[in-house]
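For reference, the structure discussed in these notes is given below.
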There are 2 protein chains.
Amino acid sequence: MHSTTFPLPTDGELEILQILWDKGPSTVRAVNDEMNKLRAVGYTTTLKLLQIMDSKGLVSRDSSQKIHVYMYALPQEQTRKALLDRFLENAFQGAAGEMVLQLLGGHRTTEDELSKIRQLLADRDPKKQ
Amino acid sequence: MHSTTFPLPTDGELEILQILWDKGPSTVRAVNDEMNKLRAVGYTTTLKLLQIMDSKGLVSRDSSQKIHVYMYALPQEQTRKALLDRFLENAFQGAAGEMVLQLLGGHRTTEDELSKIRQLLADRDPKKQ
DNA sequence: TATAAAATACGAAATCATTCGTAGATAAAT
DNA sequence: ATTTATCTACGAATGATTTCGTATTTTATA
């Protein structure tokens, strides 16, 4: 049904994944530099985390050269969906509609996003089927 | 601007809050019984967690009687919103629209919820202003 | 009244996530 | 060729969360 299941990334791991999704294959140095644009993190901290993520299958690593290059193992969408499923269950007990209401009620959404959402809702409208 | 800020509940604490939001003021025994409908948890585990939550201000406690009665400190909506904000930032880098799309795309939402959402979107439609 | 049951308090183990220091290997620079 | 810089590996400290055992007190029961 579905491919081999990976553990969900922790918050720290997710920070790194965001960088890899954004920048593509990167060295530890590159990832760490990006991290330090946001907050102070030691080089070996980033290295260690990437090694752990590799051992968990969250990233892949090209170690054919001395300087290793890391890459995300799963696409952003798939990971976000898995995280969302867990959060929806934990915080909203699965009530997706409640969550959307909370989101639309309290957050800025761009006009572009809103129109995509309207389109999606229109497609789901039973009157239109 | 806003009242005193409390720490966000952990996942374990959230499980207990869900029970308190559902059942209202409850004894440790009552909370623990509810917990055990879902999974095996020792009585003192539930007790300890409630005591920690009290010390954090996440619940209030009536200890005027020997058998203490616990109650949530904040309404469900407020807590959910705070959790959602953090999650949205962590997992979706603040892109609320992306998150809604992911939700509507992949999850069952009831007709009732969908119509509430349509209403909310209609209210936001600039053409309707 | 003596015993048993049930409650709270609290210490502490177990696990996980995060962080960094140090050691050792390799490459670059002088 | 030394020295310096940069890299990976890895152990380990720290802190947070979860879990439970034990001690103590209080209430209910026999």
Side-chain angles (χ1 to χ4, degrees), chain A residues 6-20 25-71 79 82-83 86-87 89-91, chain B residues 5-20 25-71 79 82-83 86-87 90-91:
Chain A
F6 296 104
L8 289 180
T10 65
D11 287 350
E13 290 166 348
L14 191 54
E15 264 187 290
I16 286 183
L17 283 175
Q18 305 282 16
I19 291 169
L20 293 180
S26 309
T27 62
V28 178
R29 177 64 57 193
V31 171
N32 187 246
D33 286 352
E34 284 301 314
M35 289 289 291
N36 278 276
K37 288 179 182 173
L38 303 171
R39 61 190 182 87
V41 192
Y43 177 87
T44 56
T45 301
T46 302
L47 170 64
K48 179 71 165 189
L49 211 30
L50 280 166
Q51 288 169 341
I52 290 170
M53 291 170 79
D54 180 49
S55 77
K56 289 183 181 177
L58 292 173
V59 298
S60 65
R61 163 165 64 164
D62 176 352
S63 52
S64 61
Q65 307 302 124
K66 194 221 166 180
I67 300 183
H68 299 179
V69 175
Y70 290 84
M71 184 51 175
T79 301
L83 289 168
R86 183 184 59 182
F87 178 76
E89 209 45 57
N90 285 349
Chain B
T5 137
F6 296 104
L8 289 179
T10 65
D11 286 351
E13 290 166 348
L14 191 54
E15 265 188 289
I16 286 184
L17 283 176
Q18 304 282 15
I19 290 168
L20 293 180
S26 309
T27 62
V28 178
R29 177 64 57 196
V31 171
N32 187 246
D33 285 352
E34 284 301 314
M35 289 289 291
N36 278 276
K37 287 179 181 173
L38 302 170
R39 59 190 183 86
V41 192
Y43 177 88
T44 57
T45 299
T46 301
L47 169 65
K48 179 71 166 190
L49 211 29
L50 280 166
Q51 288 170 341
I52 289 170
M53 292 171 79
D54 181 50
S55 76
K56 290 184 181 177
L58 291 173
V59 298
S60 64
R61 163 166 65 166
D62 176 351
S63 52
S64 61
Q65 306 303 123
K66 195 222 164 179
I67 300 183
H68 299 178
V69 175
Y70 289 85
M71 185 50 173
T79 302
L83 289 168
R86 182 183 60 181
F87 178 75
N90 285 349

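Only this structure's heavy atoms are used, side chains among them; waters, hydrogens and symmetry mates stay out.
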Check your understanding: How long is the span from the CD atom in B:E34 to the CD1 atom in B:I19, to the nearest 0.5 Å?
Key -> 5.5 Å
Point to revise | Ionic contact status for A:E89 with A:R86, cut-off 4.0 Å | key: no
Study note, to complete from the structure: Smallest heavy-atom separation, B:D62 atom then B:Q65 atom, equals OD1-N, 4.3 Å
Review point. Just how far is it from atom OG1 of B:T79 to atom CD of B:Q18, taken to the nearest 0.5 Å?
Key: 9.5 Å
Exercise for review: Measure the distance from CG on A:L50 to P on D:dC7 and round it to the nearest whole Å.
Suggested key: 13 Å
Review point. Would you say a side-chain N or O of B:Q51 is under 4.0 Å from OP1 or OP2 of C:dT8?
Key: no
Check your understanding: Between B:L47 (CG) and D:dT25 (C1'), how many Å, whole number?
Key -> 14 Å
Tabulate atom names and distances for all N/O pairs under 3.5 angstrom spanning the protein and nucleotides 26-29 of chain D.
none

Exercise for review: Round to a whole Å and report the spacing from CD1 of A:I16 to C1' of C:dT19.
Suggested key: 12 Å
Study note, to complete from the structure: Nearest heavy-atom contact between B:L58 and B:L17 is O-CD2, 4.0 Å
Practice item. Quickly work out the A:I67 CD1 to C:dT26 P distance and round it to whole Å. Key: 14 Å
**Study point:** Rounded distance in Å - CG (A:L14) to P (C:dT18)
**Key:** 10 Å
Check your understanding: Once each nucleotide of nucleotides 17-23 of chain D is scored for protein heavy atoms under 4.0 Å, what B/S/- sequence comes out, 5' to 3'?
Key -> SBBBBB-
Point to revise | Rounded distance (Å) that lies between atom P of C:dA7 and atom OH of B:Y70 | key: 12 Å
Check your understanding: If you take all heavy atoms of A:N32 and A:G42, which pair is closest and at what distance?
Key -> ND2-O, 3.4 Å
**Study point:** Interatomic distance, B:D33 atom CG to B:K37 atom NZ [nearest 0.5 angstrom]
**Key:** 7.5 Å
Check your understanding: Near DNA chain C, under 4.0 Å by heavy atom, which residues of residues 26-34 of chain A?
Key -> none
Study note, to complete from the structure: Closest heavy-atom pair, B:L8 versus B:A82, reported as atoms and distance to 0.1 Å, is CD2-CB, 3.5 Å
